[in-house]
Amino acid sequence: CRLIQSRSAVRRILQQNRTVCSKTTVSAESIREKLQVFTGGSVELQKQQQSGIAVLTVNNPARMNAFSGSMMLELEQRVCELETWTEGKAVIVHGAAGAFCSGSDLNAVRAIANPHDGMKMCEFMQNTLTRLLRLPLISVALVEGRALGGGAELTTACDFRLMTSDGVIQFVHKHMGLVPGWGGAARLVRIVGSQNALKLLSGAKKVDPDFGKQIGLVDEVLHCSSGEGNALAHAEQWLSQFIKGPAPVIQAVKKVVISGRELSLDEALQTERSVFGTVWGGPANLEALALKPKHK
Ligand SMILES: CCCC(=O)SCCNC(=O)CCNC(=O)[C@H](O)C(C)(C)COP(=O)(O)OP(=O)(O)OC[C@H]1O[C@@H](n2cnc3c(N)ncnc32)[C@H](O)[C@@H]1OP(=O)(O)O
């Protein structure tokens, strides 16, 4: 009976993403059609099989990597691809050409500036970013240059935020007569607490590396010279301390943390037992036992 209960808990946490996805699929159809009209840029995914690190690039440099409508659809597609990457350990989200992302493309925003379409777009992006955060991969937002509006929200949909010395995160929504709608406010409160979140949102405050570290929004400042791929190499280096070992173990770690973050204590404990059952007596566990390690 206990086995059946714990299996159903695992199924629940693992199916969370699919449930959110399918609920939104029907209602999102009409907004998909509208979004795909606003083209430009791309969202690219490169999976490095050897390291288990994927690099997700927001690529629209002519508009400071703003999200066009078609890029919102592509982002969802890329997240879908990552959900089934069983050999993966981590994903780095960054922007092309030394900028992170300047939020939604203001041309698309103007064209759908009515409450109905706005709500549908918001629901669509909330769904995609929730699935990004729930991936069983360790996710890192690498902020070079500016992360504005929806770009700032995107950084909160990752487990960690790394910043180069020129990085800035700014929730500019208030200046646009808005509040975050891609789930950024809810996640920000959980990362920095409600006092800091209120200051950042109501003051549209610029978060530079020092301030970011002080309030716990930024996990690490990367001191690297500018140059294509340099910050990315530093981010991979930083990440390497957390992804040593086989992918199933790294993914199990992320799953127990997601359940701890999102479920009630009873449900999280149940899920933890179930995930534990997937690694206990597994190849990595048996190999470690055979080596008789000393954790000095
Ligand atoms: C729920 C989601 C809410 C949102 O995300 S609302 C959108 C919030 N973002 C914004 O308002 C960003 C507005 N843009 C800016 O503040 C500045 O362009 C920015 C990013 C600080 C860069 O400033 P500069 O370095 O001086 O460069 P610039 O202004 O000449 O920009 C270069 C080209 O990029 C364009 N751009 C930047 N952000 C954009 C956006 N979000 N949508 C559409 N186009 C955007 C900008 O118009 C300019 O294009 P062009 O060279 O004039 O053709």
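Numbering of ligands and ligand atoms starts at 1, following listing order.
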- Task: Give a yes or no on this: more than 12 heavy atoms of other residues, nucleotides or ligands lie within 6.0 Å of atom CD of Q46.
- Result: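 Atom CD in Q46 is not packed in, count stays at 12 or less.
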
- How would you list all residue pairs meeting side-chain hydrogen bond (donor to acceptor under 3.5 Å, both in side chains) that involve residues 188-200, not counting sequence neighbours? none

- How about T57 and H94: does a side-chain donor come under 3.5 Å of a side-chain acceptor?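 Indeed, the side chains of T57 and H94 share at least one donor-acceptor pair under 3.5 Å.
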
Give every pair formed by an N or O atom of ligand 1 and a protein N or O atom closer than 3.5 Å, one pair per line with both atom names and the distance to 0.1 Å, or write none.
unit_1	atom_1	unit_2	atom_2	d
ligand 1	5 (O)	S104	N	2.9
ligand 1	5 (O)	S104	OG	3.3
ligand 1	5 (O)	G150	N	2.9
ligand 1	9 (N)	S102	O	2.9
ligand 1	34 (O)	A62	O	3.2
ligand 1	38 (N)	S102	OG	3.0
ligand 1	41 (N)	S102	O	3.1
ligand 1	41 (N)	S102	OG	3.3
ligand 1	41 (N)	S104	O	3.1
ligand 1	42 (N)	L106	N	2.9

- Quick one: side-chain hydrogen bond (donor to acceptor under 3.5 Å, both in side chains) partners of T86, sequence neighbours excluded? none

Which donor-acceptor pairs under 3.5 Å do the side chains of residues 287-296 make with protein atoms, sequence neighbours left out?
none

- Message: Looking at K254 and D159, is any side-chain nitrogen of the basic one under 4.0 Å from a carboxylate oxygen of the acidic one?
- Response: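 Result for this pair is yes, salt bridge flagged.
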
